[in-house]
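One structure is given here, and the rest of the page talks about it.
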Amino acid sequence: MNLKNILFDIDGGIATIKINRPDKMNALNLQTIDELDLINKEIKKNDSIKAVLITGSGEKSFVAGADIKELNLLSAKKAFEISQKGQHVFADFENSSKPVLAAVNGYALGGGCELALACHFRFAADSASFGQPEVNLGLIPGYGGTQRLSRLIGKSAALELILTGEIISAARAFEIGLINRVFNQDELIIKSRDFLEKIISKGPQAVKFSIEAVSLGVNTKIENGLKIESEFFSKCFETEDMKEGTEAFLERRKPVFKGR
């Protein structure tokens, strides 16, 4: 892949995506969205990738919103197309069957907050901050913020952040359920990798089916969700991983999963 604004590497089954526009506070421009789209395609087809970690370069910013210079030039038609593209790219992270974690190392504002919201997990440095300040520009969130934020923290709390444009601390974000965990800046990536390594040590098929069952069921009636759960539960019984996991338990040894 020919990447200009993102650093990408794979180590120990974990793909690290680092938004790398430090002079622009890692703001998301159109090229960066296109590069994220390319990376998503690689994540889907590359079996050596078991989990994904997204972060930003430096210690000041995860992603400090969109590139305002680009936004200022858009027509309504073009804005709709760009919103749809960003939503599609972020949905690929949200719908990934591989665990995706945002390690928020600084400002996660606007599109940056929306990118974090699209991940399965959000860990943050204690110096990080979050917000959807688009109203200050006469805009609303366009990459899924109005939808994912309300589903995550509730309608009233989401409207409070979106309508005031308030920027909140990592401590407050944790308090309202926006993020999972908070660490010191120096520990953030280490703890994030430790967490992902713990997940990918489990049965790969069970991890995949769990993500899919939760993702498909969360926005449907519980009756439908329970049916989805039963279907994925039964699928586990067709895998070698399930046989290996149960046999290892009975034999009091560590399972050796093969992802089959």
Side-chain angles (χ1 to χ4, degrees), residues 8-17 36 39-55 88-104 115-124 144 148 151-152 174 177-183 188-260:
F8 181 71
D9 72 85
I10 305 165
D11 179 30
I14 299 173
T16 299
I17 299 168
L36 287 172
I39 288 170
N40 268 324
K41 291 179 173 63
E42 177 65 20
I43 291 167
K44 284 180 185 177
K45 70 180 182 183
N46 190 332
D47 292 337
S48 73
I49 297 174
K50 309 298 182 187
V52 180
L53 189 157
I54 306 177
T55 192
H88 166 77
V89 171
F90 287 11
D92 277 346
F93 288 118
E94 182 177 46
N95 298 325
S96 174
S97 59
K98 302 173 184 182
V100 182
L101 185 152
V104 181
L115 176 58
L117 289 171
C119 298
H120 300 130
F121 309 101
R122 285 159 296 283
F123 288 4
R148 292 193 180 95
R151 284 165 170 76
L152 184 66
F174 178 76
L178 201 161
I179 58 177
N180 298 83
R181 303 187 187 184
V182 182
F183 299 103
L188 176 62
I189 300 300
I190 295 168
K191 295 291 187 182
S192 297
R193 284 190 62 89
D194 286 348
F195 179 81
L196 290 175
E197 285 167 3
K198 182 176 184 179
I199 290 176
I200 64 179
S201 73
K202 311 302 181 186
Q205 295 286 12
V207 169
K208 174 185 174 182
F209 291 158
S210 294
I211 292 173
E212 291 179 353
V214 171
S215 297
L216 288 171
V218 71
N219 293 321
T220 189
K221 291 181 180 178
I222 191 165
E223 294 83 1
N224 296 333
L226 290 170
K227 184 180 178 184
I228 290 167
E229 180 181 279
S230 293
E231 289 170 353
F232 280 109
F233 179 72
S234 65
K235 281 184 179 182
C236 292
F237 286 78
E238 299 173 346
T239 68
E240 292 179 24
D241 280 354
M242 179 270 175
K243 292 179 177 63
E244 168 62 13
T246 53
E247 286 174 8
F249 178 84
L250 294 171
E251 295 167 8
R252 297 184 180 179
R253 61 176 174 82
K254 188 175 179 180
V256 180
F257 293 118
K258 296 181 180 177
R260 297 197 295 264

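Residue numbers count from 1 along this sequence.
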Fill in the blank from the handout: Contacts of Arg253 meeting side-chain hydrogen bond (donor to acceptor under 3.5 Å, both in side chains) (sequence neighbours excluded), chain-then-number -> Glu244, Glu251
Problem - For Phe123, ring-ring contact (aromatic ring centres under 6.0 Å, His included) partners two or more places apart - result: Phe183, Phe195
Completion exercise
Contacts of Ser192 meeting side-chain hydrogen bond (donor to acceptor under 3.5 Å, both in side chains) (sequence neighbours excluded), chain-then-number -> none
Exercise for the section: Return the minimal non-hydrogen interatomic distance between Ala248 and Lys254, and the atom names on each side. Expected result: CB-C, 4.2 Å
Exercise for the section: Not counting sequence neighbours, which residues clear side chain to side chain contact (heavy atoms under 4.5 Å, CB included) with Ser210? List them please. Expected result: none
Exercise for the section: Verify the neighbour count for atom CG of Asp47: are there more than 12 heavy atoms of other residues, nucleotides or ligands below 6.0 Å? Expected result: no
Exercise for the section: Can you sort out the partners of Phe257 under ring-ring contact (aromatic ring centres under 6.0 Å, His included), two or more places apart, ordered by chain and number? Expected result: none
Practice task
Identify the two heavy atoms, one from Val207 and one from Ile199, that lie closest to each other, and give their separation to 0.1 Å.
Solution key: CG2-O, 3.7 Å
Handout entry: Residues, nucleotides or ligands: over 12 heavy atoms within 6.0 Å of Glu229 CD
Key = no
Problem - Residues which pass side chain to side chain contact (heavy atoms under 4.5 Å, CB included) with Leu216, listed by chain and number, not counting sequence neighbours - result: Ile228, Phe232
Handout entry: Closest approach of Leu188 to Val104 (non-hydrogen atoms, all atoms of both residues)
Key = CD2-O, 3.5 Å
Handout entry: ring-ring contact (aromatic ring centres under 6.0 Å, His included) partners for Phe249, two or more places apart
Key = none
Practice task
Take Val52 and Ser96 through the side chain to side chain contact (heavy atoms under 4.5 Å, CB included) test and state the conclusion after the steps.
Solution key: CA-CA 10 Å; Val52 180; Ser96 174; 5.5 Å; no
Exercise for the section: Can you sort out the partners of Arg148 under side-chain hydrogen bond (donor to acceptor under 3.5 Å, both in side chains), two or more places apart, ordered by chain and number? Expected result: Glu94
Handout entry: Closest non-hydrogen atom pair, Leu53 against Ala103
Key = CD2-CB, 4.0 Å
Exercise for the section: State the CG-CZ distance between Asn180 and Phe174, to the nearest 0.5 angstrom. Expected result: 8.5 Å
Exercise for the section: Might you point out which heavy atoms bring Lys258 and Asp241 nearest each other, and give the distance in Å? Expected result: N-OD1, 3.2 Å
Handout entry: side chain to side chain contact (heavy atoms under 4.5 Å, CB included) between Phe90 and Leu117, intermediate numbers included
Key = CA-CA 9 Å; Phe90 287 11; Leu117 289 171; over 6 Å; no
Exercise for the section: Could you give me the CA-CA distance, side-chain angles and deciding distance for Ile43 and Ile17, then say whether side chain to side chain contact (heavy atoms under 4.5 Å, CB included) is met? Expected result: CA-CA 11 Å; Ile43 291 167; Ile17 299 168; 4.1 Å; yes
Problem - Separation of Glu238 CD from Arg260 CZ (nearest 0.5 Å) - result: 15.5 Å
Handout entry: Atom pair CZ/CG of Arg122 and Leu115 - distance to nearest 0.5 Å
Key = 10.5 Å
Exercise for the section: Test side chain to side chain contact (heavy atoms under 4.5 Å, CB included) on Asp92 and Leu36 and set out the steps. Expected result: CA-CA 10 Å; Asp92 277 346; Leu36 287 172; over 6 Å; no
Exercise for the section: Name all residues meeting the side chain to side chain contact (heavy atoms under 4.5 Å, CB included) criterion together with Ile200; count only those two or more places apart in sequence or in a different chain, and write none if there are none. Expected result: Ile14, Lys50, Ala51
Handout entry: Pairs involving residues 196-209, ordered by first then second residue, that meet salt bridge (charged side-chain N to carboxylate O under 4.0 Å, His left out) (sequence neighbours left out)
Key = Arg193-Glu197
Completion exercise
Between Pro99 and Ile211, the two heavy atoms sitting closest are N-CD1, 3.7 Å
Identify each donor-acceptor pair in which a side-chain atom of residues 219-227 lies under 3.5 Å from a protein atom, sequence neighbours left out, and give them as a table.
{"residue": "Thr220", "atom": "OG1", "partner": "Asn224", "partner atom": "ND2", "Å": "3.2"}

Practice task
Report the distance from atom CZ of Arg181 to atom CG of Leu101, rounding to the nearest 0.5 Å.
Solution key: 9.5 Å
Handout entry: side-chain hydrogen bond (donor to acceptor under 3.5 Å, both in side chains) partners of Ser48, counting only residues at least two apart
Key = Asn46
